[in-house]
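All remarks here apply to the structure that follows.
Just the heavy atoms: all of them, side chains too, but no hydrogens, waters or symmetry mates, feed the values below.
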Amino acid sequence: KKERKMSVILATAGYDHKIRFWEAPSGINSRTIRYPDSQVNCLEITPNKQFLAAGGNPQIRLFEINDVTKHNPVLTLEGHTSSVTSLGFQRDVRYLYSGSEDGTVKLWDLRSPTFSRSFDCKAPVNSVALHPNKPEIVSGDSNGSVKVWDLGSSRCINDLIPNYHGGHHPADTATATGNNSSTSDSTRSAHHSTSNSHHTHANPNNTINNHHNININNNHNNNINSNSNNSNNNNNNNN
């Protein structure tokens, strides 16, 4: 008998090593898959609702959604060296991108189990998002930095840093690698949402809040505002 596809897909996972699928209208747990290696840090469903990607420590595993008889992953991606914190798919499901506490953002061609590019963020990565109209990936890390990575040149083309003072800008030296990446053992977490933004260069005197929201949508009129309050006190005391 052919399985009926779910119109609404709701999946959860956590530190119990289990991925659960739920019937949204009734709240019934319709299916449970055991994640074999570690806790599950993040989940992402492909735009065509065919696969579910689960980020663990350090593997990424893809599971078939509509075939309830399959409990084993259809693909395992290995390359990160620490917990995967964020995942996403390109709209045609040609590739997957991921961020990790190992300090890298990686790009994966789903025809291969190894990553095709690695971007060194030099800090544990909390969130990643793909620009909807440009070949760019945006990352947010535990240092509070928001970086824009150009997939054409494989370089960081913009870097917004909070409370940055002096010295050379990290974006001047940040590059991508093929199958090699620098790692970091720090662990942090943050929340994010995704969106489209023009390139905006941070002023060293501006302050950006430690919690960044990276918003990706199809509007081209986005602003990243860094507000600094200046007050002039001109009180002269004459002795």
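- Listed by chain and number, the residues in a side-chain contact (heavy atoms from CB on, under 4.5 Å) with Q39 are Y15, N41, N57, S83 (sequence neighbours excluded).
- Rounding to the nearest 0.5 Å gives a distance of 7.5 Å between CD of Q50 and CG of N66.
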Inset, instruction - Tell me, with the steps shown, if N158 and V146 meet side chain to side chain contact (heavy atoms under 4.5 Å, CB included). - result: CA-CA 8 Å; N158 200 359; V146 177; over 6 Å; no
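- The nearest pair of heavy atoms linking I33 to H71 is CG2-O, 3.4 Å.
- When the side-chain contact (heavy atoms from CB on, under 4.5 Å) test is applied to N72, no partner is found at least two apart in sequence or on another chain.
- Using modelled atom types and a 3.5 Å distance limit, the side chains of W22 and T12 yield a donor-acceptor pair.
- Residues Y35 and K18 are not in side-chain contact: their nearest non-hydrogen atoms beyond the backbone lie 4.5 Å or more apart.
- Legend: residues meeting salt bridge (Lys or Arg N to Asp or Glu O under 4.0 Å) with R20, ordered by chain and number and at least two apart, are D16.
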Inset, instruction - Kindly determine whether K106 and S98 satisfy side chain to side chain donor-acceptor pair (under 3.5 Å), including the steps that lead there. - result: CA-CA 5 Å; K106 296 187 187 301; S98 61; over 6 Å; no
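- Nearest heavy atoms, I65 versus R31: O-NH1, 2.7 Å.
- Residues L151 and K134 form no side-chain contact, since every pair of their non-hydrogen atoms from C-beta on lies 4.5 Å or further apart.
- Within the 3.5 Å criterion, the main-chain N or O of R94 finds a donor-acceptor partner in the side chain of Q90.
- Judged by distance alone, with hydrogens and angles left aside, the side-chain atoms of S38 form no donor-acceptor pair with the main-chain N or O of G56 at under 3.5 Å.
- Of the possible donor and acceptor atoms, one in the side chain of D67 sits under 3.5 Å from a partner among the backbone N and O of T69.
- The shortest distance between side-chain heavy atoms of S86 and V125 does not fall below 4.5 Å.
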Legend entry - Worked verdict on F21 versus L10 for side chain to side chain contact (heavy atoms under 4.5 Å, CB included): CA-CA 6 Å; F21 290 89; L10 175 62; over 6 Å; no
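- Residues S139 and K147 bring no donor and acceptor atom of their side chains to less than 3.5 Å of each other.
- No donor-acceptor distance shorter than 3.5 angstrom exists from the side chain of D120 to the backbone of T104, with no hydrogens or angles considered.
- Counting heavy atoms from C-beta on, the side chains of H80 and I60 come closer than 4.5 Å.
- Closest approach of A53 and L87 over heavy atoms only: O-CD1, 3.7 Å.
- Relative orientation of the F119 and W149 rings is tilted, given thresholds of 30° and 60° on the angle between their planes.
- Pairs engaging residues 69-87 under the salt bridge (charged side-chain N to carboxylate O under 4.0 Å, His left out) rule: none recorded [sequence neighbours left out].
- Across every non-hydrogen atom of D141 and C121, the tightest pair is OD2-O, 3.9 Å.
- Shown here for S145 and I161, the closest heavy-atom pair between the two residues is OG-CG1, 4.0 Å.
- Residues passing the side-chain contact (heavy atoms from CB on, under 4.5 Å) test with V93 are T46, P47, N48, F89, L110, sequence neighbours excluded.
- Here the side chains of L43 and I45 are not in contact, with every heavy-atom distance at 4.5 Å or above.
- With sequence neighbours excluded, the residues that form a side-chain hydrogen bond (donor to acceptor under 3.5 Å, both in side chains) with R111 are D109.
- V74 places a side-chain heavy atom less than 4.5 Å from the side chain of F51.
- Note: K122 NZ to D159 CG = 10.5 Å, rounded to the nearest 0.5 Å.
- Between W108 and Y95, the ring centre distance reaches or exceeds 6.0 Å.
- Under the rule for a side-chain contact (heavy atoms from CB on, under 4.5 Å), the partners of P73 that lie at least two apart in sequence or sit in another chain are R61, F63, T76.
- Counting only heavy atoms from C-beta outward, the side chains of E101 and T85 approach each other to under 4.5 Å.
- No side-chain heavy atom of V128 sits under 4.5 Å from any side-chain heavy atom of V138.
- In terms of heavy-atom proximity, S153 sits nearest to D150 at N-OD2, 2.7 Å.
- Atom CG of L75 and atom CG of L62 lie 5.5 Å apart (nearest 0.5 Å).
- Of the possible polar contacts, one joining the S116 side chain to the L107 backbone as a donor-acceptor pair under 3.5 Å is found.
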